[in-house]
Amino acid sequence: MKFDVKKVKIIVTVPVENSKEVRSAICDEGAGIIGNYTDCTISTKCIGTFKPLDDANPYIGQKNKLEFVEEEKLEVRCDVSIVKRVLKRLREVHPYEEPAIDIIPLIEEDDL
């Protein structure tokens with residue numbers, strides 16, 4: 001079976017207070033379209049952990065101290081053709097120096 005990846009799922013964690021801005025920005029760039037619907041996303045509340053190293057410039061927390069932060073895991077579908085544009089915009093509005101971004105290829109039902 002051969003799959004032609006046309007869509008991906010972008011997953012990113014973001015501080016709760018910044019989730020609306022990030023969601024709006026990536027949807028304004030064209031992510032989150034499913035059929036005749038726009039701005040289709042899902043988010044899950046979660047706790048993120050990280051420890052900024054000496055050379056880090058953390059948005060939240062202190063260097064060399066393990067931090068626990070209430071975040072939202074934001075998920076959105078995106079056409080492969082615009083992924084780079086969406087990621088560029090995501091990074092522009094995301095407050096973290098190094099946002100955790102996952103890009104997962106999606107299989108279309110018609111390809112099964």
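The stretch residues 53-84 participates, sequence neighbours left out, in no ring pair (Phe, Tyr, Trp, His ring centres under 6.0 Å) pair at all. Contacts classified as ring pair (Phe, Tyr, Trp, His ring centres under 6.0 Å) and involving residues 10-35 (residues at least two apart or in different chains) are not found.
Partners of Gln62 according to the side-chain contact (heavy atoms from CB on, under 4.5 Å) rule, which considers only residues two or more places apart in sequence or in another chain, are Lys65, Glu67. Scored by the side chain to side chain donor-acceptor pair (under 3.5 Å) test, Lys88 finds Glu92 as partners (sequence neighbours excluded). With sequence neighbours left out, the salt bridge (Lys or Arg N to Asp or Glu O under 4.0 Å) criterion links Arg91 to no other residue. For the side-chain contact (heavy atoms from CB on, under 4.5 Å) test, residues two or more places apart in sequence or in another chain that qualify with Ala56 are Pro52, Pro58, Glu97. A search for ring pair (Phe, Tyr, Trp, His ring centres under 6.0 Å) contacts involving Phe50 returns nothing, not counting sequence neighbours. Applying the side chain to side chain donor-acceptor pair (under 3.5 Å) criterion to Asp110, with sequence neighbours excluded, gives no partner residue.
Note: Cys27 SG to Arg89 CZ = 12.0 Å, rounded to the nearest 0.5 Å. The structure places CZ of Arg23 at 12.0 Å from CG of Leu90, a figure rounded to the nearest 0.5 Å.
Looking only at side-chain heavy atoms (C-beta outward), Ile10 and Ile26 stay at 4.5 Å or farther from each other. Side-chain contact check for His94 versus Val14: some heavy-atom pair is nearer than 4.5 Å.
Val16 and Val93 are not part of a single hydrophobic cluster, where members link through side-chain heavy atoms under 4.5 Å apart.
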What side-chain donor-acceptor pairs closer than 3.5 Å can you find for residues 32-39, not counting sequence neighbours?
none

Exercise answer: donor-acceptor pairs, residues 69-82 side-chain atoms, under 3.5 Å, sequence neighbours excluded:
from, atom 1, to, atom 2, distance (Å)
Glu71, OE2, Tyr96, OH, 2.6
Glu72, OE1, Ser43, OG, 2.9
Glu72, OE2, Ser19, OG, 3.2
Glu75, OE1, Lys9, NZ, 3.4
Asp79, OD1, Lys7, NZ, 2.4

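With side-chain heavy atoms closer than 4.5 Å counting as contact, directly or through intermediates, Ile42 stands alone and belongs to no larger hydrophobic cluster. Taking Ile, Leu, Val, Met, Phe, Trp and Tyr as members and joining any whose side-chain heavy atoms lie under 4.5 Å apart, directly or through other members, the hydrophobic cluster of Ile11 also contains Ile104.
The number of heavy atoms from other shown groups lying within 6.0 Å of NZ (Lys63) is above 12.
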